[in-house]
Each structure stands twice: as C-alpha cells, then as structure tokens.
Amino acid sequence: MTVTRFAPSPTGYIHVGNLRTALFNYMIARKAGGTFILRLDDTDPERSKQEYADAIREDLEWLGLTWDRMERQSERLERYEQAAQELRDKGRFYECFETPTELDLKRKKQLNMGKPPVYDRAALELSEEEKARLRAERGNGHWRFKLRQERIEWTDGILGDLSIDAASVSDPVLIRGDGQFLYTLASVCDDIDFGVTHVVRGSDHVTNTATQIQIIEALGGAVPSFAHHSLLTGPQGEALSKRLGTLSLRDLRAQGVEPMALLSLMARLGSSQPVELCSSLDELIEGFDLSNFGAAPTKFDVDDLFPLTAKYLHSLPLEAVAGDVAALGVPADKAEAFWNVVRENITVKSDMAAWWELFCNGVEPLVDDEDREFVAQALAMLPEPPYTAESWSRWAAEVKDATGRKGKALFLPLRKAVTGRTQGPEMADVMPLLQKKPALG
Ligand code: GLU
C-alpha cells in the first residue's frame with residue numbers, strides 16, 4: 001500500500017515551490033491507489049498559526065488536491081517523547097549545553113582550520129556531575145542524536161544512488177533546550193507510525209534524509225523510498241527564495257490563474273515531458289512518472305501561467321462559467337452568445353467584466369486622427385440597436401458604398417470605434433450584444 005504525505009509548516013502561505021512537493025506526493029499516491037496524508041508540521045508554537053493551517057487547506061482544495069487523512073504534529077507530542085526516551089535507552093541520544101554563541105565560535109575555528117563545521121561531540125565527554133552543574137547554571141540542555149559514523153546510502157527516486165558520510169554531518173538536534181521537539185524527530189515518528197512508503201521533497205532536505213534514515217533505523221521503522229526534486233529558480237536561473245512570498249498560491253489565485261493551468265505547469269516543469277494543458281487531474285496523474293524529472297534546478301516563470309490559463313478558459317463550455325457570467329448581470333438568454341464572443345478574448349476570468357461593460361455602456365472609441373471624419377460619417381449611418389448577426393455586414397457594405405473605403409481601411413477603424421480595441425471577436429458576433437449605439441466622445 002502506497003502512502004505519501006505533504007508536510008508543510010503552517011508558518012506562512014504555501015507557494016509554487018511547496019505546490020511541487022504537494023503535487024508529486026499527491027500524484028504518486030493517487031496513481032497507486034494509495035493514501036495521501038496532509039500533515040501539518042506545527043511543533044513550533046510561536047511561528048505556527050491557525051490562519052496559515054486554514055489557508056493551506058483552502059489552497060489545496062482550490063486545486064482539487066484532496067487528502068485522505070490529516071495529522072498535526074502538535075497533537076503527537078507524547079509520541080515524540082516516547083521516541084526520545086527510546087533513543088536515550090539505546091544510547092543514541094545525548095544532552096548538550098553549548099550556547100548558540102559557543103557553537104558559532106566552534107564552527108568559525110573549524111572553518112579557519114579548513115575543517116568542515118561539524119559538531120565535535122564535546123558533550124559526550126561530560127560526566128553526570130558536570131551535566132548537573134551545567135543544567136543548574138544554564139537550564140535544560142538540547143538533545144542530539146548520535147549518528148553512526150558510516151556512509152549512509154540510498155537510491156533516490158530522482159537523484160539516483162546517493163552516499164553521504166555521516167562523519168561529515170553534525171549530530172542533529174532533535175529537542176531544543178526549551179523542550180520543543182524539532183521537525184526531524186517528529187517527521188521520523190510520523191513517517192513510521194503512518195506507514196509512509198514514499199517521501200518526495202525538495203533537494204534542500206538531502207542531508208536531513210541521511211540523518212533521518214539512521215533515526216528511523218534506530219527506532220526500528222521501515223525506511224521509505226526517498227526522492228528529492230530540484231528547487232525552483234526564476235526565469236534567469238536566479239534564486240527564487242526571496243520572491244516566493246509573492247508567488248503564494250493565494251496571490252496566483254487572486255491574479256486569476258486557473259487551477260488546471262497551475263497544475264499542468266507544475267506537473268511537467270523540470271521533467272523531460274513537454275508542458276501542455278491537461279483538462280483534469282486524472283490526465284495529469286496518468287502521465288506522471290517521477291523518473292522523468294532531473295536534478296538540474298528548474299526554471300519557473302510566473303508569466304507562463306497566463307497563456308495556459310487563457311487556453312484553459314477558451315476550452316470551457318458555458319456551463320463551466322455560467323455562474324461567473326450570471327454574476328456579471330448577463331441575462332440567461334444572452335449568456336451563450338456572450339461567452340462565445342469573449343472566451344477567446346480573455347486571459348483571466350475577470351477580463352469578462354470589461355467586455356460586459358462594453359456591451360452595456362459602450363466604450364471610449366479608439367479613433368486615429370485621420371479617421372475621425374470617416375468614423376463620424378460611418379456612425380451616422382448606423383441605426384440604433386437592437387442589432388442582429390447581419391447588422392455588421394450590412395453596415396460595412398453601406399459605409400463602403402458611401403466612402404469608397406475597403407478592406408482593412410474600412411473594417412479596422414470601425415472595429416476600433418465600436419470596441420476600443422484593435423483586435424477581438426468577430427464583429428458580426430459583437431453587434432447583437434451591443435445595447436447602445438457607439439458614439440464619438
Ligand atoms: N515541514 C517540512 C518542510 O516544509 C517537511 C519536510 C518533509 O517533507 O519532510 O520543509
């Protein structure tokens with residue numbers, strides 16, 4: 001049974017980088033008919049906020065990424081304490097009392113000597129008396145997991161065979177001095193208890209994975225398959241980390257990005273398969289294969305989402321947008337005609353509003369100086385609405401006869417006068433929707 005999880009910390013809104021992780025784990029579970037868990041990594045009570053937990057759920061629901069089970073780490077502290085005790089009993093957990101400044105100094109010294117800044121395990125030498133004294137002076141210490149100094153190896157679902165020398169990694173801190181359990185321990189306990197079989201996450205977690213494999217083994221759990229996807233960069237290859245705040249899923253939603261556009265892009269970006277608009281999650285899941293993804297950083301350009309959004313909207317039948325169309329005030333008997341005219345001329349749904357405004361109240365005409373007289377003459381020949389599908393050709397023919405203009409010189413100034421734009425839908429379709437006769441300002 002395949003079990004995956006998406007494990008965001010509710011300390012902020014989730015962004016396109018998180019989405020990649022969520023989507024991969026979701027698709028693996030769904031493709032295998034398995035279970036997808038939403039896990040909130042909220043062991044940090046100061047930074048975790050209910051508001052963000054709610055937002056994460058809302059954002060995933062908006063995308064249709066449904067989960068089968070939800071868990072919160074803050075509700076499992078007893079389990080983490082039990083695991084900590086197990087590690088103590090097994091001699092794999094030790095208390096340390098260095099302050100952050102002392103640790104910093106150690107690191108600087110090591111770096112000056114050209115050595116990797118790995119924790120020197122000085123606390124392992126402390127006697128019980130020394131520990132008691134330090135505890136009295138400094139309060140409770142923090143707890144580190146004692147790594148076995150051997151190579152940690154696994155076959156990564158994306159990066160291939162990996163081997164990390166545990167001696168090059170500091171013994172990870174799993175409990176802070178104030179008693180707070182850190183993510184590494186909590187995550188391992190959860191992955192064991194929930195039977196997680198596959199973990200896909202960003203390549204910034206590769207070292208974590210090495211240490212987590214040893215912790216899982218120490219606790220007698222089954223090691224899941226790990227895969228680390230590349231991190232996203234901006235279009236020029238620049239780091240995206242600082243801009244991710246503006247690439248939150250809610251911002252994209254507010255900008256009108258459609259879920260299928262976003263999912264279609266994120267499911268293929270960084271893989272050997274071309275990005276193409278898919279019409280459903282099922283279609284995306286069908287074509288998903290983790291082995292198509294590479295290790296190279298993945299370029300993400302937010303602008304790519306808009307052509308995909310436009311393409312998605314073009315493909316929709318009226319039923320799919322009937323609510324949005326009605327909300328603009330479009331009467332039911334005009335809805336079909338309205339949608340057929342605008343759907344290929346919008347990028348995001350909210351662009352529909354400007355078209356409806358144009359049809360109801362007209363628009364500031366776009367008239368070149370040299371066409372002013374021509375347009376005035378043409379408009380004088382146009383009767384009052386209602387117009388029909390034939391109104392356009394009839395009007396254009398009359399104007400042609402009266403002015404001698406033809407082709408583009410005839411049609412373009414008329415289009416610009418009526419719609420205020422140089423391009424757009426067939427004028428024969430536009431005219432029946434016009435409720436007011438266009439007028440020169
Ligand atoms: N809360 C962790 C993060 O957001 C989860 C990492 C993991 O998937 O284990 O980075």
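Whatever order the structure lists ligands and atoms in, that order sets their numbers, starting from 1.
Under the 4.0 Å criterion applied to side-chain N and carboxylate O atoms, Arg5 and Glu71 are not assigned as salt-bridge partners. Between Asp44 and Arg176 no salt bridge is recorded (no basic side-chain N to carboxylate O distance below 4.0 Å).
Protein residues with a heavy atom under 4.0 Å from ligand 1 are Arg5, Ala7, Ser9, Asp41, Tyr183, Ser187, Arg201, His205.
A side-chain donor-acceptor contact under 3.5 Å links Glu283 to the backbone of Ser279.
At least one cation-pi condition fails for Arg92 and Trp143: the charged atom is not both under 6.0 angstrom from the six-membered ring centre and inside a 45 degree cone around its axis. Taking the ring axis of Trp67 as reference, the NZ or CZ atom of Arg57 does not stay both within 45° of it and closer than 6.0 Å to the ring centre.
A donor-acceptor contact closer than 3.5 angstrom is absent between the side chains of Thr211 and Gln214.
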